[in-house]
Each structure stands twice: as structure tokens, then as C-alpha cells.
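Here the structure comes first, spelled out in C-alpha cells, and everything after it is commentary.
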Amino acid sequence: KIDEAEMLAPYYRVRNFALAVLLLALTVALLGAVLFGRRLIVPLQKLTESARQFADGKFDQRVPVSGKDELGQLSNSFNTMAENIQFAYQSLERLVSKRTAELNRSMESMRVKDAAIASSINAIGLADMDGKLTYINQAFVDLWRLAGAEAAIGRSVTEFWVDPQDAIRVITALQYQ
């Protein structure tokens, strides 16, 4: 008669072998998942961090391109986009600097002209296209014995012209030029 342990020995050997193979397969699968995950997650983390810094205004951010797969193509596209935006931003900054310098020169020129007009001994008034005064200097105020510039601003130039008809002809002629 065969003893129970002897009878079940092949079964236990097969079971132990199957458990060992299963454990080995699970270990390989887990190791493969970790390695695959790292290969996928690390580039995505780098891309995410670069995108975050780029959004914060650090336009010199680039992502290392690692391969020709979808992540590599995404990294390459990000780098191309970053270069284009950085170039456009630098161009815009140069243009703003140039325009600011031009504006400062114009403002300085206008300050000089304004000072010259304001201090002129000749009465000077500026009017819009409708003939309403928008600026007068102190000589104008003194000539017409006004309380101040605000007493004339917004009034028609015809009120200060010796012959109002001449004023109307001049305004009409200027409006059609």
C-alpha cells in the first residue's frame, strides 16, 4: 500500500513548481511594470515641470528628447513651440524698447515745444477741427484779459476773431484739406 505522502508527492512537486513559476512571473511582471512606468513617467514629469516653468515666464525651458516614440515627438514639439514663443517674446521686447525710446524722444520734444509755446510773447491758441479751442498760452490769456486758460478752452475761435466771417472761412477751408 502506498502512503498518502508518497501518493501526493507528484502533485506537491507540480504545485510547488507552478507556485515558483507564478512567483517568478509575478516578479518579472512587477519589475517590467516598474521599468516601463519609469520610462513613461520620468519623461512626462520632466515635460510637466518644463511646461510649468515655461508658464511662469521662463521661456528658455527645453525638454530632453528621448527617442522617436510619442513622448519624443511631444518633447520635440514642446521644444519647437518654446523656441518660437521665446523668439516672438524677445522680438516683442525689442519692439517695446524701441517704441518706448521713440516715445520718450517724442515726449521730450513735445515738452520743449510746449515750453516754447507756453513762454512765447505771442498769443497762441490751438483748436480742433470744429474750431473749438483746446489749448491757449499765457500770452493769449493776457491779450484777451481772461481769468485763466479755462475761460477760453472749449469756446469757438470765432469769438476771438476780429471778423467772425473770416474765422468761419478759415475753419471751413481747414476742415476740407
Side-chain angles (χ1 to χ4, degrees), residues 38-177:
R38 286 185 58 89
R39 182 165 154 46
L40 186 65
I41 296 297
V42 170
L44 281 175
Q45 287 174 333
K46 289 179 181 177
L47 182 61
T48 301
E49 181 58 28
S50 292
R52 186 176 293 120
Q53 289 181 11
F54 193 82
D56 289 339
K58 296 176 184 166
F59 298 126
D60 60 343
Q61 281 302 119
R62 299 298 182 271
V63 178
V65 178
S66 57
K68 299 204 182 278
D69 59 356
E70 288 82 2
L71 279 175
Q73 291 173 3
L74 181 61
S75 298
N76 196 25
S77 295
F78 177 87
N79 290 339
T80 301
M81 176 197 68
E83 287 173 20
N84 291 340
I85 291 175
Q86 183 179 18
F87 177 76
Y89 185 78
Q90 289 170 344
S91 296
L92 184 60
E93 280 186 328
R94 283 191 298 274
L95 183 61
V96 167
S97 293
K98 180 181 173 186
R99 295 288 191 245
T100 301
E102 290 172 3
L103 181 61
N104 287 337
R105 284 191 299 273
S106 292
M107 292 294 290
E108 184 58 32
S109 175
M110 287 182 68
R111 276 193 282 276
V112 169
K113 291 173 186 172
D114 188 47
I117 290 171
S119 64
S120 174
I121 60 170
N122 296 315
I124 299 174
L126 302 177
D128 61 17
M129 293 307 291
D130 294 326
K132 303 289 184 197
L133 288 169
T134 57
Y135 173 85
I136 61 170
N137 67 352
Q138 187 59 44
F140 190 100
V141 172
D142 296 340
L143 175 68
W144 293 99
R145 293 181 176 85
L146 299 170
E150 61 279 348
I153 302 298
R155 290 172 55 187
S156 175
V157 294
T158 59
E159 297 178 41
F160 300 97
W161 210 290
V162 175
D163 182 3
Q165 291 304 316
D166 283 342
I168 291 170
R169 280 192 293 279
V170 169
I171 290 171
T172 303
L174 287 173
Q175 286 176 337
Y176 292 108
Q177 285 194 5

- Task: State, without any angle test, whether Q45 and E49 hold a side-chain donor-acceptor pair at a distance under 3.5 Å.
- Result: no
* For residues S97 and R94, is any side-chain donor paired with an opposing acceptor at under 3.5 Å? -> no
Main-chain N/O of [Y] paired with [X] side-chain donor or acceptor, under 3.5 Å:
X	Y	value
R145	V141	no
D128	D130	yes
N137	A123	no
T134	L126	yes
S91	F87	yes

Any side-chain heavy-atom pair from [X] and [Y] closer than 4.5 angstrom?
X	Y	result
D69	Q73	no
V63	N79	yes
Q90	L95	no
R62	F78	no
F54	I85	yes
W161	V170	yes

At their closest point, which heavy atom of [X] faces which heavy atom of [Y], and how far apart are they?
X	Y	value
Q61	S50	NE2-OG, 3.6 Å
A127	V157	CB-CG1, 3.7 Å
P43	L71	CB-CD1, 4.1 Å
I136	A152	CD1-CB, 3.6 Å
G72	V65	O-CG1, 3.7 Å
F160	W144	O-CZ2, 2.9 Å

Please check if atom [atom1] in [X] has more than 12 non-hydrogen atoms from other residues, nucleotides or ligands closer than 6.0 Å.
X	atom1	answer
E93	CD	yes
M81	CE	yes
I121	CD1	no

Would you compute the distance between atom [atom1] of [X] and atom [atom2] of [Y] and round it to the nearest 0.5 angstrom?
X	Y	atom1	atom2	answer
S120	Q138	OG	CD	12.0 Å
R99	S106	CZ	OG	11.0 Å
D60	E83	CG	CD	11.5 Å
I168	D163	CD1	CG	9.0 Å
D114	S119	CG	OG	9.5 Å

Before giving the answer on side chain to side chain contact (heavy atoms under 4.5 Å, CB included), spell out for L47 and L74 the whole-Å C-alpha distance, their side-chain angles and the decisive distance to 0.1 Å. CA-CA 9 Å; L47 182 61; L74 181 61; 3.2 Å; yes
> Is any NZ, NE, NH1 or NH2 atom of the basic residue among R105 and E108 found under 4.0 Å from an Asp or Glu carboxylate oxygen of the other?
Replying inline: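 Salt bridge flag = no for E108 with R105.
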